[in-house]
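Okay, so here's the structure we're looking at.
Side chains included, hydrogens not; waters and symmetry mates left out as well; all remaining heavy atoms used. All values derive from a computational prediction rather than experimental measurement.
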Amino acid sequence: MFVSESVHTLDDKGRLTLPSKHRNELGVKFYALIDFDHCISLYSEEEYELRAKPIKELSQFDSNARKLKRLFFANSLECHLDGSGRLLLPKTFLEKAHIDREIILLGVSDHLEIWDYKTYSQQSEEDEDNYEALASKMSGVKSYEWRV
């Protein structure tokens with residue numbers, strides 16, 4: 001399971017040195033995806049296939065299904081680390097995710113997210129202020145029941 005967060009700086013070529021604790025979890029071949037909220041998500045091959053399966057099965061006869069397939073698969077990239085444990089992030093991915101050089105790497109259960117540090121910091125501040133209400137809304141548990 002991917003957890004925690006860490007701050008990193010991309011090198012001049014757009015490479016991220018992936019922490020060793022995440023390399024084994026991702027595996028030799030993994031996938032990067034421009035994901036919802038304009039971040040880059042990293043999925044192990046197994047998790048990516050689970051996520052891709054329902055999209056692959058959508059009908060080619062439905063225009064919205066074709067659009068979703070196009071967006072999902074065109075914004076996906078098969079990845080391998082170089083000998084130094086670095087991941088090369090294509091310039092197009094960095095631009096779509098509005099990522100500069102300083103990033104934050106987040107563990108989000110079944111995947112990792114790469115965010116522009118400033119963008120995530122601003123969003124996170126607001127999200128943390130609403131954490132209890134969000135948890136109650138999404139879980140169906142009343143906020144007073146969260147307290148032990």
Side-chain angles (χ1 to χ4, degrees), residues 1-58 67-148:
M1 182 182 324
F2 296 104
V3 296
S4 77
E5 63 182 48
S6 54
V7 177
H8 303 272
T9 303
L10 300 178
D11 69 12
D12 293 334
K13 295 181 181 179
R15 294 178 298 195
L16 166 65
T17 301
L18 205 58
S20 60
K21 66 181 179 181
H22 297 313
R23 293 178 202 169
N24 292 336
E25 290 180 77
L26 284 172
V28 175
K29 180 173 99 173
F30 58 97
Y31 289 84
L33 169 67
I34 301 296
D35 220 337
F36 306 121
D37 303 319
H38 297 285
C39 67
I40 298 172
S41 292
L42 303 179
Y43 289 91
S44 68
E45 185 174 19
E46 180 183 350
E47 288 295 334
Y48 180 81
E49 288 175 3
L50 287 172
R51 187 159 183 187
K53 187 177 188 290
I55 297 169
K56 285 176 14 181
E57 293 172 351
L58 293 171
K67 288 176 191 177
L68 179 58
K69 284 182 177 186
R70 229 176 266 129
L71 285 167
F72 183 85
F73 292 107
N75 287 302
S76 295
L77 176 69
E78 184 179 309
C79 299
H80 301 271
L81 298 177
D82 68 13
S84 299
R86 295 176 300 197
L87 169 62
L88 176 63
L89 295 166
K91 188 174 182 174
T92 55
F93 268 49
L94 296 173
E95 288 171 353
K96 286 180 180 184
H98 311 288
I99 291 176
D100 197 15
R101 286 196 61 176
E102 193 172 16
I103 62 111
I104 189 161
L105 183 64
L106 306 170
V108 189
S109 182
D110 64 346
H111 69 283
L112 293 168
E113 291 182 350
I114 302 171
W115 285 80
D116 176 73
Y117 180 79
K118 289 178 187 172
T119 302
Y120 180 76
S121 295
Q122 291 168 348
Q123 182 175 324
S124 176
E125 205 172 293
E126 182 180 314
D127 292 344
E128 287 179 10
D129 288 343
N130 298 315
Y131 182 37
E132 185 175 352
L134 180 61
S136 294
K137 179 180 178 181
M138 298 309 299
S139 70
V141 177
K142 304 295 181 214
S143 60
Y144 62 85
E145 294 175 319
W146 281 86
R147 296 186 175 93
V148 177

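Between Leu105 and His22, the shortest heavy-atom distance links the atoms CD2-CD2, 3.9 Å. Of all non-hydrogen atoms in Ala32 and Ile40, the two that sit nearest each other are CB-CG2, 4.1 Å. Of all heavy-atom pairs spanning Ser6 and Pro19, the tightest one is OG-CG, 4.4 Å.
Using a 4.5 Å heavy-atom threshold, the side chains of Leu94 and Asp116 count as separate. Here the side chains of Ile104 and Trp115 are in contact, with some heavy-atom distance below 4.5 Å.
Judged by distance alone, the side chain of Glu113 and the main-chain N or O of Leu42 form no donor-acceptor pair under 3.5 Å. Asp82 places a side-chain N or O within 3.5 Å of a backbone atom of Gly85 that can act as its donor or acceptor partner.
Salt bridge Glu57/Lys53: present, at least one basic N to carboxylate O contact under 4.0 Å. Salt bridge status for Asp12 with Arg101: present, with a side-chain N to carboxylate O gap under 4.0 Å.
Residue Phe30 holds its CZ atom at 10.0 Å from CD of Glu78, rounded to the nearest 0.5 Å. With values rounded to the nearest 0.5 angstrom, Leu18 atom CG is found 12.5 Å from Ser84 atom OG. A distance of 6.5 Å separates NZ in Lys118 from CG in Asp100, rounded to the nearest 0.5 Å. Taking NZ from Lys91 and NZ from Lys13, the interatomic distance works out to 15.0 Å, rounded to the nearest 0.5 Å. In this structure, CG in Leu134 is found 12.0 Å from CG in Asp129, a value given to the nearest 0.5 Å. One finds the CD1 atom of Ile55 at 9.5 Å from the NZ atom of Lys69 (value rounded to the nearest 0.5 Å).
Ser124 and Glu128 share a side-chain donor-acceptor pair at under 3.5 Å.
None of Phe2, Phe36, Tyr48, Tyr43 except one satisfies the ring-ring contact (aromatic ring centres under 6.0 Å, His included) rule with His111; the exception is Tyr43.
Around CD of Gln123, the count of heavy atoms belonging to other residues, nucleotides or ligands within 6.0 Å exceeds 12.
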